[in-house]
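For reference, the structure discussed in these notes is given below.
Keep in mind the model is a prediction, meaning the values are calculated, not measured.
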Amino acid sequence: DAFQLGGSSFAQVRNKIGVQGPDVKDVEKLAAGFNALQALIKKGIIVAGHDVASGGLITTLLEMCFSDTDLSANLDLSSLGESDSISVLFAENAGVVIQLKDEASVTELEGFPIPCHAIGVVTSGDTLRIRNNDNHHEFDIPKLRDIWYETSWLLDQKQTANGLADK
């Protein structure tokens, strides 16, 4: 579907609801995409992956970088065809970001039942670099990781008992 912000976390933090949320236009393609993805996992072609859901693509990309202390990426989202960087980064469309084991594995995506886009490369470092057409953004991964974990801890304190969040 198009990159819609209705019902998104982005809309919520702006005290909005939005007009239209993203939808799945073809559930049969979605199922075929899921099955094809499972086949790639079984082949050992995918080394990491994350769904695009709560928080949108930016949350997915940052969470993937949070998994190690010297992990970043250089990305170009221009091929996604959305000129509005806010929409492409924060829309909560159904999707998945995968990291392939090597560049040669891209050929495994030919004929994939859902659209696929090569958006960048994993690098070492502490800065997530994202380009979308003429827009360039850099995100400080350690700083955002600290904020992310503190927020998670604060939520966990409310959801668990007996100091389990601290443990």
Would you name the heavy atoms of [X] and [Y] that are closest together and state the gap between them?
{"X": "Gln4", "Y": "Gln20", "result": "CB-O, 3.0 Å"}
{"X": "Phe66", "Y": "Arg145", "result": "O-NE, 3.3 Å"}
{"X": "Pro22", "Y": "Ala2", "result": "CB-O, 4.2 Å"}

Is atom [atom1] of [X] surrounded by more than 12 heavy atoms (other residues, nucleotides or ligands) closer than 6.0 Å?
{"X": "Asp102", "atom1": "CG", "answer": "yes"}
{"X": "Ile147", "atom1": "CD1", "answer": "yes"}
{"X": "Phe34", "atom1": "CZ", "answer": "no"}

Close side-chain approach of [X] and [Y], heavy atoms under 4.5 Å:
{"X": "Ile130", "Y": "Leu89", "answer": "yes"}
{"X": "Asp23", "Y": "Asn93", "answer": "no"}
{"X": "Thr123", "Y": "Leu71", "answer": "no"}
{"X": "Lys29", "Y": "Val27", "answer": "no"}
{"X": "Val96", "Y": "Thr60", "answer": "no"}
{"X": "Phe139", "Y": "Leu61", "answer": "no"}

What distance separates [X] [atom1] from [Y] [atom2], expressed to the nearest 0.5 Å?
{"X": "Ser83", "Y": "Leu77", "atom1": "OG", "atom2": "CG", "answer": "12.5 Å"}
{"X": "Asp1", "Y": "Asp26", "atom1": "CG", "atom2": "CG", "answer": "12.0 Å"}
{"X": "Met64", "Y": "Ile141", "atom1": "CE", "atom2": "CD1", "answer": "11.5 Å"}
{"X": "Lys101", "Y": "Glu108", "atom1": "NZ", "atom2": "CD", "answer": "8.5 Å"}
{"X": "His137", "Y": "Leu75", "atom1": "NE2", "atom2": "CG", "answer": "12.0 Å"}
{"X": "Ser87", "Y": "Leu5", "atom1": "OG", "atom2": "CG", "answer": "4.5 Å"}

Would you say the side-chain atoms of Ser54 and Ser9 include a donor-acceptor pair closer than 3.5 Å? no
Between [X] and [Y], is there shared hydrophobic-cluster membership here, with clusters defined by ILVMFWY side-chain heavy atoms closer than 4.5 Å?
{"X": "Leu128", "Y": "Phe10", "value": "yes"}
{"X": "Ile45", "Y": "Ile41", "value": "yes"}
{"X": "Val106", "Y": "Val121", "value": "no"}
{"X": "Leu144", "Y": "Ile58", "value": "yes"}
{"X": "Ile86", "Y": "Leu62", "value": "yes"}

Test Glu63 against Trp148 for side-chain contact (heavy atoms from CB on, under 4.5 Å), laying out the working first. CA-CA 9 Å; Glu63 284 183 345; Trp148 184 260; 2.5 Å; yes
Would a distance-only check, ignoring hydrogens and angles, find a side-chain to backbone donor-acceptor pair under 3.5 Å from [X] to [Y]?
{"X": "Asp70", "Y": "Gly125", "value": "yes"}
{"X": "Ser79", "Y": "His117", "value": "no"}
{"X": "Asp156", "Y": "Ala165", "value": "no"}

Test side-chain contact (heavy atoms from CB on, under 4.5 Å) on Ile114 and Leu30; report intermediate values, then the result. CA-CA 7 Å; Ile114 57 175; Leu30 177 67; 5.8 Å; no
With side-chain contact (heavy atoms from CB on, under 4.5 Å) as the criterion, how do Asp84 and Phe3 come out once you've worked through the C-alpha distance, each side chain's angles and the decisive distance to 0.1 Å? CA-CA 9 Å; Asp84 179 18; Phe3 295 98; over 6 Å; no
Working for side-chain contact (heavy atoms from CB on, under 4.5 Å), residues Val47 and Leu100: CA-CA 6 Å; Val47 296; Leu100 302 175; over 6 Å; no
Using side-chain hydrogen bond (donor to acceptor under 3.5 Å, both in side chains) as the criterion, point out the one residue from Asn133, Asn132, Asp134 that pairs with Ser85.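 The side-chain hydrogen bond (donor to acceptor under 3.5 Å, both in side chains) with Ser85 is passed solely by Asn132 among Asn133, Asn132, Asp134.
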Applying salt bridge (Lys or Arg N to Asp or Glu O under 4.0 Å), can you list everything that pairs with Asp51, at least two apart in sequence or on another chain? none
